[in-house]
Amino acid sequence: MKFGGTSVGDVAAFERVLGIVASQVERRPVIVVSAMTRVTDALLAAFETAKKGEFAEAFTSLEPHFERHVEVSRHFIPDGTANPFNGEIDLARGELSDLLMRTSRRSLPLSMLKDAIVSYGEQLSSRLLAEVLRARGVNARQFDSRRLIVTDDEFGAAQPIWEETRELVRLDLGPAIEAGEVPVLGGFIAGNRAGETTTLGRGGSDFSAALVAAALDAGELQIWTDVTGVMTCDPRICGDARTIPVLSYEEAAELAYFGAKVLHPKTIKPAVDHGIPVRVCNTFEPAVTGTMVVSESGRSPNRIKSIAHKKNITILRITSARMLGSYGFMSAVFQVFEKYRTVIDVISTSEVSIALTLDNTAEIEKIVADLSRLGDVEADPGYAMICVVGEGLRASTGLASKIFSTIEDVNIALVSHGASAVNLTFVVKEDLVPMVIQKLHGEFFGREKDGAAAGDQ
Ligand code: ADP
Ligand code: ASP
Ligand code: MG
């Protein structure tokens, strides 16, 4: 059972989590928890402040967040009894002060310090949740994920080393579960072989949960969040978004990758490999089933399951007559991206040009400089990708035309269709996202189509 940040934001949220865990104790759960909401952002901001040399400001900025943890622990752990969380938070204060000081002096590699600092969100939330569960009579125990999930040395976006992780998770958690304990782990955080703290990338708690579920051959992976499952589009963009009852792994992966942050893209992989069903459910509506992600979902009557989007996209266009009838050109282009470790999302090519999209522009100047040796290069920021997902989409006649005629007044900068059987992706100017999504959502999931709601089988 994975609980996201908003599910552990305050006393009321913890209360809901307690109810949900208590109702499933018989099923022998393992709990994976994110940092309390806003804490990861606060830790990252403190790191940036310390980096500028402003140590005192960095440290004080965290105090309200320490206080939020203390408030929850005071609420659940009765006065007069020893509160083990007090010692934990004091320790965290001391260690974070030291790490922020080192950051301001740059006395250790910054990427390493950043992961060490940001890990306190999950270190604290997991300890807090374990203590709160214990106070309510659940036989819970915190386990340190940094000793269980083994990764490479890529700080900030570390890759787990599967065999070692599996072994450790089974060795440590197996006997505890057998003995009737409920293990509680922080998501997102891990450790490399040298024992240094690493993190799995933003939103990575889902990934942690999937790894643990796969390692233990769990019967189900439950992702508890603040919306009722995966919906027909981001409910923050379109108020009448609806829950999709069943999604295939492939559809969920495409959606997650193209911006539906309700599921972390990599979540899917360990679950698929081990045939573990994933359920996305809402802490605010625990009785509702939410979305089941299964190996095959079947087609939905109106063929489209959901519309995802991803902002902050830059389009790169490379034009060169050298491309005409020659081979090796694409490979030369891709080598530039490999050199700068930059991921390409969507590609479209013609006889003499390539257009592609990037969401990580950290190395864009160097990339453009290198690509300029191959042809004329244009970089155009300020775009967004919109991704329409549905099983059987490639095989459906007339669907692309229906999509584009719905938004015929919108300028489409790039289209990708056919590579995946389940998605059609196009790129538009960022400020058009709400309008485009609302129009498409209205057309495919509007009120008059209630009978054919997304995912009806
Ligand atoms: P958590 O803290 O539980 O990990 P996230 O904020 O990472 O939660 O993900 C949940 C959010 O994802 C929702 O509040 C919603 O705004 C957003 N979201 C984007 N696309 C979708 C979608 N298709 N269905 C549901 N939620 C979506
Ligand atoms: N706390 C981390 C983040 O905010 C990981 C997660 O919530 O999944 O990105
Ligand atoms: Mg998330």
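In each ligand, atom 1 is the first atom listed, and ligand 1 is the first ligand listed. Predicted, not measured: the structure shown is a model, and the values here were computed from it.
Residue-to-ligand polar distances keep Asp206 apart from ligand 2: every N/O pair is separated by 3.5 Å or more. Considering both main-chain and side-chain atoms, Lys2 never comes within under 3.5 Å of ligand 2 through any nitrogen or oxygen pair. Not a single N or O atom of Phe188, backbone or side chain, sits closer than 3.5 Å to an N or O atom of ligand 2.
In Pro235, the part holding a heavy atom less than 4.0 Å from any atom of ligand 1 is the side chain. Proximity of Val227 to ligand 1, defined as any heavy-atom pair under 4.0 Å, is confined to the side chain (atoms from C-beta onward). Counting heavy atoms closer than 4.0 Å to ligand 2, residue Ser205 contributes atoms from both its backbone and its side chain.
Put simply, no part of His264 is less than 4.0 Å from ligand 2, judged by heavy atoms. Put simply, part of Gly229 is less than 4.0 Å from ligand 1, judged by heavy atoms. Proximity of Ala308 to ligand 1 is not established, as no heavy-atom distance is less than 4.0 Å. At least one heavy atom of Gly203 sits less than 4.0 Å from an atom of ligand 2.
Under 4.0 Å is where a charged nitrogen must lie from a carboxylate oxygen, and between Lys310 and Asp234 no such pair does.
Between Phe188 and Phe207, the distance from one ring center to the other does not fall under 6.0 angstrom.
Residue Arg202 has at least one heavy-atom neighbour below 4.0 Å for each of these atoms of ligand 2: 3 (C), 4 (O), 9 (O). Atoms of ligand 2 lying under 4.0 Å from at least one heavy atom of Glu122, given by number and element, are 1 (N), 2 (C), 5 (C).
Side-chain N/O atoms of Asp152 and Gln159 include no donor and acceptor closer than 3.5 Å. Using a 3.5 Å distance cut-off with no hydrogens or angles, the side chains of Gln142 and Glu131 do not pair a donor with an acceptor. For the residue pair Gln222 and Glu220, a side-chain donor N or O sits within less than 3.5 Å of a side-chain acceptor on the partner.
Nearest to atom 20 (N) of ligand 1 by heavy atom, out of Asp234, Thr6, Leu263, is Asp234. Among Lys261, Lys2, Arg202, Arg236, the residue whose heavy atom lies nearest to atom 6 (O) of ligand 1 is Lys261.
In this structure the side chain of Val343 never reaches within 4.5 angstrom of the side chain of Phe337, judged on heavy atoms.
When all heavy atoms of Val33 and Glu122 are compared, the closest pair comes out as O-CG, 3.6 Å.
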